[in-house]
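In what follows, chains are A, B, ... by sequence order, proteins preceding strands, each numbered from 1.
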Amino acid sequence: MGTKKYSPRRKQAENRALAISSNTISWFVFQIMEWFSKNGRNFSWRKNDYPLYRVVVTELLLQRTRAETVDRFIGIFFELYPDWLTIARSKSANLQKALEPFGLWQRRAATLRKLAIAIKSRGGALPESPEELGTLPGLGPYIVNAVLLYRENRPEPLLDGSMARLLERFFGPRGLVDIRDDPFLNIIARRVLQESEVSPLSLNWGMLDVAAQICMPADPRCEHCPLTKRCPSSTCAK
DNA sequence: ATCCGGTGCG
DNA sequence: CGCACAGGAT
């Protein structure tokens with residue numbers, strides 16, 4: 001069938017991702033994990049028994065919002081809204097007010113309310129399959145991956161703008177404009193997570209932290225980067 | 001392809 | 001000041 005999956009541009013991007021050697025991948029993973037063990041950030045949602053409700057809400061709040069900002073106010077929010085049922089029953093004005101510190105509060109209140117009601121009507125639990133998860137309001141590919149990652153420890157990437165920047169600088173440019181359905185980035189990210197015995201959560205966090213603290217959009221700190229020796233984009237002299 | 005939004009940092 | 005922020009819906 002003539003779906004876009006078989007467009008030449010897609011195919012070429014796939015091949016480019018598959019052509020990267022597994023040695024390069026494992027070196028990348030090792031460097032990230034070594035850096036992460038010393039320099040990883042410590043956010044309140046990076047705990048073992050962090051409830052799934054909190055995972056989803058936290059990821060919604062992290063969209064287009066600095067992690068440090070979310071971390072500062074998320075405790076207060078969860079005191080007010082400890083579960084889906086509380087959100088489903090909440091007054092819209094109160095919910096909006098509680099979301100103000102995070103920004104995007106109008107959309108977020110609407111999304112959270114819709115999601116909470118949808119979950120409530122399903123008996124209070126999230127669906128099992130990725131396909132069903134993706135049908136819930138507010139759950140796009142990123143949050144679906146996050147649920148699979150946190151809930152089942154599946155090796156799914158938290159492929160956001162930051163991780164995309166890191167991967168592109170080290171492995172090469174994407175094939176499509178949109179990160180979400182770019183085959184190059186998605187294949188590389190999954191190879192990174194699957195071709196190693198490392199904890200998928202830690203590895204995701206490691207990539208996000210290197211992206212945020214070292215591999216920033218402008219003026220990256222290549223001199224402190226664990227990847228600089230083999231990074232094609234490094235501005236450091238070798 | 002556009003919009004949503006306040007915040008923090010250079 | 002201007003930009004970037006752990007995306008998703010329309």
Side-chain angles (χ1 to χ4, degrees), chain A residues 4 32 36 39-47 50 52 54-74 76-77 92 95-119 126 130-151 154-169 174 176-182 185-186 189-190 192-193 200-222 224:
Chain A
K4 61 179 179 180
I32 292 282
F36 178 70
N39 307 300
R41 296 179 292 181
N42 198 6
F43 293 123
S44 56
W45 53 88
R46 291 185 175 180
K47 291 187 296 193
Y50 201 65
L52 196 57
R54 293 195 176 206
V55 170
V56 175
V57 173
T58 302
E59 296 299 347
L60 277 166
L61 295 180
L62 281 166
Q63 291 173 356
R64 314 302 300 162
T65 307
R66 289 171 191 282
E68 291 77 7
T69 305
V70 174
D71 204 27
R72 186 175 321 130
F73 300 109
I74 192 97
I76 304 169
F77 181 84
S92 180
L95 186 56
Q96 288 183 351
K97 192 168 190 174
L99 291 169
E100 265 180 8
F102 307 98
L104 295 168
W105 46 273
Q106 291 192 76
R107 282 198 181 188
R108 274 170 168 158
T111 302
L112 270 176
R113 164 179 290 289
K114 273 190 253 175
L115 181 57
I117 292 170
I119 292 173
L126 288 166
E131 294 75 20
E132 266 187 275
L133 282 168
T135 66
L136 293 183
L139 299 202
Y142 178 92
I143 299 189
V144 169
N145 279 349
V147 170
L148 300 175
L149 175 68
Y150 280 85
R151 183 177 66 186
R154 282 211 219 179
E156 302 290 341
L158 299 175
L159 182 51
D160 68 337
S162 306
M163 187 181 292
R165 182 179 61 247
L166 175 71
L167 294 176
E168 288 190 87
R169 282 181 175 159
R174 71 186 77 172
L176 306 180
V177 179
D178 197 326
I179 295 168
R180 288 168 289 214
D181 40 45
D182 176 67
L185 287 175
N186 277 283
R190 281 190 168 70
V192 165
L193 286 159
L201 274 169
S202 301
L203 186 47
N204 268 297
W205 294 338
M207 286 191 279
L208 291 173
D209 288 358
V210 171
Q213 304 204 314
I214 304 284
C215 195
M216 30 253 292
D219 302 319
R221 301 176 182 166
C222 296
H224 297 122

Can a donor-acceptor pair be found between the side chains of Y50(A) and S44(A) at a distance below 3.5 Å? no
Verify the distance criterion only: is there a donor paired with an acceptor across the side chains of R46(A) and S202(A) at less than 3.5 Å?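 Per modelled atom types, R46(A) and S202(A) side chains form no pair under 3.5 Å.
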Whole-Å distance between [N] [atom2] and [X] [atom1]?
X: D181(A); N: dA1(B); atom1: CG; atom2: P; result: 11 Å
X: R72(A); N: dG6(B); atom1: CZ; atom2: C1'; result: 12 Å
X: E100(A); N: dT7(B); atom1: CD; atom2: P; result: 9 Å
X: L99(A); N: dC4(B); atom1: CG; atom2: P; result: 17 Å
X: R221(A); N: dC9(B); atom1: CZ; atom2: P; result: 12 Å
X: F102(A); N: dG8(B); atom1: CZ; atom2: P; result: 13 Å

Counting primed atoms plus P, OP1 and OP2 as sugar-phosphate and everything else as base, spell out the protein contacts along nucleotides 3-10 of chain C at 4.0 Å heavy-atom distance: B, S or - for each nucleotide, 5' to 3'. -BBBBBSS
For Q106(A) and for V177(A), locate the closest nucleotide of DNA chain B by heavy-atom distance; then report the residue assigned to the nucleotide nearer the 5' terminus.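 Looking at the nearest nucleotide for each, V177(A) comes out on the 5' side.
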Can you work out whether R108(A) or D219(A) has the more 5'-proximal nearest nucleotide on DNA chain B?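 Upstream on the strand: R108(A).
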Which atom of [X] lies closest to which atom of [Y], heavy atoms considered:
X: F36(A); Y: G206(A); result: CD1-CA, 3.5 Å
X: R174(A); Y: V177(A); result: NH1-O, 2.8 Å
X: L203(A); Y: V192(A); result: CD2-O, 3.5 Å

Crowding at CG, N42(A) (>12 non-hydrogen neighbours, <6.0 Å):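 For N42(A), atom CG is not crowded (no more than 12 foreign heavy atoms under 6.0 Å).
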If the [atom1] atom of [N] is compared with that of [M], how far apart are they to the nearest Å?
N: dA6(C); M: dG10(B); atom1: P; value: 15 Å
N: dC5(C); M: dC4(B); atom1: C1'; value: 13 Å
N: dG2(C); M: dG5(B); atom1: C1'; value: 15 Å

Would you give the length of the straight line joining atom OG1 of T111(A) to atom CZ of R108(A), rounded to the nearest 0.5 angstrom?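 Taking OG1 in T111(A) and CZ in R108(A), the distance rounds to 9.0 Å.
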